Q: 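Handing you a structure now.
Count residues from 1 along the sequence. Ligands are counted one by one from 1 in listed order, and the atoms in each one are counted from 1 as well. Only a predicted model underlies this, so the values are computations on that prediction, with no experimental measurement involved.
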Amino acid sequence: MTSGFLNQNVPRHVAIIMDGNGRWAKQRNLPRIAGHRKGVEVLDTLLPHCVDRGIECLTLFAFSSENWNRPPTEVRLLMELLHSTIDAQMQRMHENNVRLRIVGELASFSDKLQTKIRQAENLTHKNDGLNVTIAMNYGGRWDICQAARRVAIAVQAGELLADEINETVFDTFMTTSGIPEPDLFIRTGGETRISNFLLWQLAYTEMVFTNAYWPDFDETELDKAIQAFVSRQRRFGKTGEQIEASL
Ligand code: FPP
C-alpha cells in the first residue's frame, strides 16, 4: 500500500484512548457491549495499517482503573471481551510478528485472565514487529505511584542512591519501561481529556482529538491523525529557529 507520508516523519509510537463505544451502540439502539465488540473489530484493520505506515508501537487504553465503577453487567461483559480478545488474537498477532504487552494493576483480574495475559506475553515476547501494549486496569497516577514505591524499595535495599534518581532512572521503573514515549496521542469520541492515561509518558506527546466514535475509527481516520502530527513542529522547549537550524 502506498503511503502519502515519508516514513521518517510518521510517529514511532501512537497511544490511543478508544472512546465512544457506548454512544456508537446507543445511536443504533444496541447494548453498550455491542459497541465494545465492534471496537475490537477495528483492530483487525488498524494493526496492519500501523505496520504499513511504519508505526513501531501502539498503546491502547482498554480498561481504566476507574472503569470498575461502571454497572456490574458492563464490567463483567468487558472482562469477558478482554479475555476472549486476547485468547482469539494472540496466535494471529504472533503469526504477524506482533509483540503484545499488557500493563496495569493486573492482580485485580481473575486468575484465568491473568494466566491468559501471561500466555500471550510469553508467546509473543521475542517478536520484533509492531509492539502492541494494552493498558488494562491502568491509571497514570497508579503507574507513577508503583514506580515511586519500587524506587523507594531499591533505595532501602541499598541498590540505588537517592542522589542517583533522575528522569531516566525513574522511567525504568514505569510499567512502560523499554517502550519509547508516545509521539502521537489520539482520543476518539469527542472528549478532550487525558483521563489518567499515560501521565508521565505524555509530557511531549502531540495530541489529536477526533469526534469519531472508536468503532468508526478506520484507516482514513488514522491517516488524518498522522497528517496532523506530520504538519506540527515539535520543539521540546526550543525555539522554532533552533529546530529549523538543526534540520
Ligand atoms: C470507552 O468507550 C471504551 C472502553 C471503556 C472499553 C474499550 C475496550 C475495547 C474496545 C476492547 C479492546 C480490547 C482489547 C484487548 C484491545 P465508552 O464505553 O466510554 O463509550 P461512551 O463514552 O460512548 O460511553
Q: Is there a donor-acceptor contact under 3.5 Å linking the side chains of W142 and N196?
A: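 Side-chain D/A pair, W142 to N196: absent.
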Q: Just need the protein heavy atom nearest to atom 4 (C) of ligand 1, so name the residue and atom and give the distance.
A: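 Looking at atom 4 (C) of ligand 1, the protein heavy atom closest to it is H36 CE1, 3.8 Å.
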Q: Output, in order, the C-alpha distance, side-chain angles, deciding distance and verdict of side-chain contact (heavy atoms from CB on, under 4.5 Å) for D218 and V42.
A: CA-CA 7 Å; D218 56 10; V42 167; over 6 Å; no
Q: For the residue pair D143 / W200, report whether a side-chain donor-acceptor contact shorter than 3.5 Å exists.
A: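 Their side chains do not contain a donor-acceptor pair, so the 3.5 Å distance test is not met.
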Q: Go through ligand 1 atom by atom and flag the ones less than 4.0 Å from a non-hydrogen atom of L82.
A: 13 (C), 15 (C)
Q: Please confirm whether K26 approaches ligand 1 to less than 4.0 Å, judged on its heavy atoms.
A: no
Q: When you compare ligand 1 with T85, is there at least one nitrogen or oxygen pair between them that comes in under 3.5 angstrom?
A: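 No: no nitrogen or oxygen of T85 is under 3.5 Å from one in ligand 1.
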Q: So F109 and W68, would you call those rings parallel, tilted or perpendicular, with 30° and 60° as cut-offs?
A: tilted
Q: Please determine if R118 and E121 form a salt bridge, counting it only when a charged side-chain N lies under 4.0 Å from a carboxylate O.
A: no
Q: Is L43 in contact with ligand 1, taking contact as a heavy-atom separation below 4.0 Å?
A: yes
Q: Does a donor on one side chain sit under 3.5 Å from an acceptor on the other, for E56 and N131?
A: no
Q: Does only the side chain of Q27 get under 4.0 Å from ligand 1, or the backbone, or both, or neither? Count heavy atoms.
A: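 Answer for Q27: neither.
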Q: How far is atom 10 (C) of ligand 1 from its nearest protein heavy atom, and which residue and atom is that?
A: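 The closest heavy atom on the protein side is N21 ND2, 3.5 Å.
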Q: Side-chain donor-acceptor pair under 3.5 Å between E74 and H36, yes or no?
A: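 There is such a pair between these side chains.
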Q: Considering non-hydrogen atoms of the protein only, which is the closest contact for atom 9 (C) of ligand 1, and what is the distance?
A: M18 CE, 4.0 Å
Q: Will you find, in the side chains of H49 and D223, an N or O donor that is under 3.5 Å from an N or O acceptor?
A: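 Yes, a side-chain donor-acceptor pair sits under 3.5 Å.
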Q: Which protein non-hydrogen atom lies closest to atom 11 (C) of ligand 1, naming both residue and atom, and how far is it?
A: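 Ranked first by proximity to atom 11 (C) of ligand 1 is V40 CG2, 3.7 Å.
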Q: Could you check whether the rings of F197 and F185 sit parallel, tilted or perpendicular, using 30° and 60° as the cut-offs?
A: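 It falls in the tilted class, 30° to 60°.
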Q: Would G22 count as a polar contact of ligand 1, with the cut-off being nitrogen or oxygen pairs under 3.5 Å?
A: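 Yes; at least one N/O pair falls below 3.5 Å.
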Q: With the threshold set at 4.0 Å, does a side-chain nitrogen-carboxylate oxygen contact exist between D183 and R12?
A: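 R12 and D183: not salt-bridged.
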Q: Is any N or O atom of D19, backbone or side chain, closer than 3.5 Å to an N or O atom of ligand 1?
A: yes
Q: With heavy-atom distances below 4.0 Å as the criterion, list the atoms of ligand 1 near I134.
A: 15 (C), 16 (C)
Q: Report the member of M136, R70, K38, E66 with the shortest heavy-atom distance to atom 19 (O) of ligand 1.
A: R70
Q: With a 4.0 Å cut-off on heavy atoms, does A62 reach ligand 1?
A: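 Yes, A62 has heavy atoms under 4.0 Å from ligand 1.
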Q: When you compare ligand 1 with R32, is there at least one nitrogen or oxygen pair between them that comes in under 3.5 angstrom?
A: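 It does: an N or O of R32 is found under 3.5 Å from an N or O of ligand 1.
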Q: Please check whether N67 reaches ligand 1 - meaning an N/O of the residue sits under 3.5 Å from an N/O of the ligand, judged on distance alone.
A: no
